[in-house]
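Right, one structure below, let's go through it.
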Amino acid sequence: MWAQLRRAKLLDPGLGPVGARAIGRRFALALVWIGSGILVGAFVPIAGVAIIAAFLPAYYLPIRGEYGENDTAEQPAD
């Protein structure tokens, strides 16, 4: 769904390209992580649940640029 919205340019214009890439990377990581949890879970169910549950805190971490913050560090005035 995220990829379709991004291709159709339906994202918030305030998000910016850095934020969109960061969110896209997190969703790609989630696909790999959850997929590996499913594969492991096919053989050892409790381990699969543990792998998938271990990824949940990652969704609570802030994503750089997600809320339209400045994408570059501000330089102090001399």
Side-chain angles (χ1 to χ4, degrees):
M1 187 181 276
W2 171 258
Q4 179 63 30
L5 290 172
R6 192 172 177 191
R7 279 193 295 273
K9 299 185 187 307
L10 296 174
L11 302 177
D12 181 11
L15 180 60
V18 172
R21 276 193 305 273
I23 294 169
R25 280 193 304 267
R26 184 171 289 184
F27 280 127
L29 174 62
L31 289 174
V32 172
W33 195 300
I34 293 170
S36 65
I38 290 170
L39 287 174
V40 169
F43 300 102
V44 184
I46 194 70
V49 170
I51 290 171
I52 292 171
F55 188 73
L56 293 176
Y59 278 103
Y60 291 102
L61 298 174
I63 300 172
R64 186 175 150 226
E66 180 180 15
Y67 297 107
E69 294 110 3
N70 190 1
D71 295 328
T72 58
E74 293 185 26
Q75 300 287 331
D78 289 329

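Closest approach of Gly37 and Ile51 over heavy atoms only: CA-CG2, 3.7 Å. In terms of heavy atoms, Ala30 sits closest to Phe55 at CB-CE2, 3.4 Å. Nearest heavy atom pair, residue Ala47 against residue Val40, reads CB-CG1, 3.8 Å.
Taken together through direct or relayed side-chain contacts under 4.5 Å among Ile, Leu, Val, Met, Phe, Trp and Tyr, Tyr60 and Ile34 form parts of separate hydrophobic clusters. Following chains of ILVMFWY side-chain contacts shorter than 4.5 Å, one can reach Leu5 starting from Phe27, so the two form part of one hydrophobic cluster. In the hydrophobic clustering of this structure, Trp2 groups with Leu10; members are Ile, Leu, Val, Met, Phe, Trp, Tyr whose side-chain heavy atoms approach within less than 4.5 Å, directly or through other members. Residues Met1 and Leu31 fall into different hydrophobic clusters, defined by Ile, Leu, Val, Met, Phe, Trp and Tyr side chains chained together at heavy-atom separations under 4.5 Å.
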